[in-house]
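Letters go in sequence order (proteins before strands), and every chain restarts at 1.
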Protein chains: 2
Amino acid sequence: MTDERLDAAAREDSATKGEMTRARLRRAATNVFARNGYHATKVSDIVAAAGVTQPTFYIYCESKEAAYEALVAAFRDNLRQITLTNLIDPAIPQAELETRVAQSFHRFLDFMAQDRALTEIGFFQPPGCSQTKALMVDWVAANIAQEQAGGVFRADIPAAHIARMLVGLLDQMGRMNTDAAGRGELARHCARLFCGGVGMRTG
Amino acid sequence: MTDERLDAAAREDSATKGEMTRARLRRAATNVFARNGYHATKVSDIVAAAGVTQPTFYIYCESKEAAYEALVAAFRDNLRQITLTNLIDPAIPQAELETRVAQSFHRFLDFMAQDRALTEIGFFQPPGCSQTKALMVDWVAANIAQEQAGGVFRADIPAAHIARMLVGLLDQMGRMNTDAAGRGELARHCARLFCGGVGMRTG
DNA sequence: CGATAATATTACTCGTCAGTAATATGTTTC
DNA sequence: GAAACATATTACTGACGAGTAATATTATCG
């Protein structure tokens, strides 16, 4: 690839025909993988959805597997970014905790909804999802441990377990297909249970 | 199939050669489907694991898909049984709530661990898992609504959401491969968060 | 033993699917 | 306008995998 092409790719404007095709293939692959999962999608489905022929696919992708891995990796990078910038401040006044946690859930849900198909690939469906969730548990657990050390979260549940449970909540909530307002409500409900539990607090 | 054969299948003892083969195929199918998922498992893998040849598979199973569906259905039936007999009594003293919820989680985790491979098929991996979880959410939500009506659970989170979150917790916890003691601990941690949340209860 | 049913095997078919060689069609640059 | 490059296509291959027909082996019982 020559310098001019790299420039064209870097500048968002004036996409070359090739970049257009690449983008359409990527979108098509994302949608088809999301709908059918890795094993059940055929390259022929992807190229049909993209409106190109099969060899064209292999101009832009080394293999079906490489195309899939690239999508998983892209989602993973985005999720890591979101997770690390989405951590609860270790020094939150207890009173604000639930609100802050709700905001955090809300950002996660928005992120997932923003490209639902990619989320399906990277977070919901195997084989990509398992490693993604394992990584996320680690990222989150580190933060939870800090909260516990700071006295914000109770310390009688191991951070790793809380992190797993949080990911479990997010997994189930993320699968609900709601609009922006619905996501706000979901996030508040998550935060309510996550912070205060289901009990009536009468004891 | 003659009456004698049905009798032999009903009585657990004196399994005929055919019933032995059926059982070995079922075990093999369970393990291979669990390891590789539906689409990535080949009938040839199953029969190799079972130590029989391919046509033998088709003596006992109508198709690869039918074999898979039968396993999913079997898990689903068991799960339904466990779920319906595992509900929290609507009139629990608040003080005992967490203990009772922990017992409930414990029974679920034991059930999942008891045949881990079947659980993988019916609960963890698509395509079987999605319908299973949807059903379980319904079963659980009905009970949660009762708890809310009885004043045991807080009512400011919709029962359906609580049910989904509970399934999310169970999903993540069930994936951890722990021994019986570990499951007891996990169950207590789940119950602790589910009933009381992560907050320090200082407010 | 010899007949009958049950159980399993060898040796295939037919379709599908990932991936490719050879070739054609635009598109920039001089 | 021709050389050089980028982009896409037609027409394949080779392997694999679900499912089967015909046949062999093993147990059961009169």
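Taking atom CG of B/Asp45 as the reference point, atom P of D/dG19 lies 14 Å away to the nearest angstrom. Straight-line distance from the OH atom of B/Tyr68 to the C1' atom of D/dA18: 18 Å, rounded to whole Å. In this structure, A/Phe57 atom CZ and D/dT9 atom C1' are separated by 17 Å, rounded to whole Å. For the pair B/Ile59 CD1 and D/dG19 C1', the computed distance is 13 Å after rounding to whole Å. As a whole-Å value, the separation of B/Ile46 CD1 from D/dA18 C1' is 11 Å. Atom-to-atom, OH of B/Tyr60 to P of D/dG19 comes out at 18 Å; the value is rounded to the nearest Å. Across the protein-nucleic acid pair, A/His39 atom NE2 and D/dC16 atom C1' stand 15 Å apart, rounded to whole Å. Regarding A/Lys64, its NZ atom lies at a distance of 12 Å from the C1' atom of C/dT16, rounded to whole Å.
Between the A/Gln172 side chain and the B/Val167 main chain, no donor and acceptor come within less than 3.5 Å of each other. Side-chain atoms of B/Arg107 never come within 3.5 Å of backbone atoms of B/Ala102 as a donor-acceptor pair (strictly under, hydrogens ignored). A donor-acceptor pair is defined here as one N or O able to donate and one able to accept, closer than 3.5 Å; such a pair exists between the side chain of B/Gln125 and the backbone of B/Ala34. No donor-acceptor pair closer than 3.5 Å links the side chain of A/Gln148 to the backbone N or O of A/Phe153.
Remark: B/Ser44 is not in phosphate contact with D/dC16, judged by side-chain N or O atoms under 4.0 Å from OP1 or OP2. For D/dT7, neither phosphate oxygen OP1 nor OP2 lies less than 4.0 angstrom from any side-chain nitrogen or oxygen of A/Thr56. In this model, the phosphate group of D/dA8 is approached by a side-chain N or O of A/Thr21 to a distance below 4.0 Å at OP1 or OP2.
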Cut-off 3.5 Å, no hydrogens considered: what does the side-chain donor-acceptor table look like for residues 173-182 of chain A, sequence neighbours left out?
unit_1   : atom_1 : unit_2   : atom_2 : d
A/Arg175 : NH1    : A/Asp171 : OD1    : 2.6
A/Arg175 : NH1    : A/Asp171 : OD2    : 2.9
A/Arg175 : NH2    : A/Phe124 : O      : 3.2
A/Asn177 : OD1    : A/Arg116 : NH1    : 3.2
A/Asp179 : OD1    : A/Ala181 : N      : 3.4
A/Asp179 : OD1    : A/Gly182 : N      : 2.8

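Both cation-pi conditions hold for A/Lys64 and A/Tyr38: the charged atom is under 6.0 angstrom from the six-membered ring centre and inside a 45 degree cone around its axis.
Salt-bridge check for B/Glu185 with B/Arg188: failed, with every basic side-chain N at 4.0 Å or more from each acidic carboxylate O.
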For this session: Sugar-phosphate atoms are those with a prime plus P, OP1 and OP2; base atoms are the rest. Using that split, label each nucleotide of nucleotides 20-27 of chain D B, S or - for protein heavy atoms under 4.0 Å, 5' to 3'.
Result: BB------

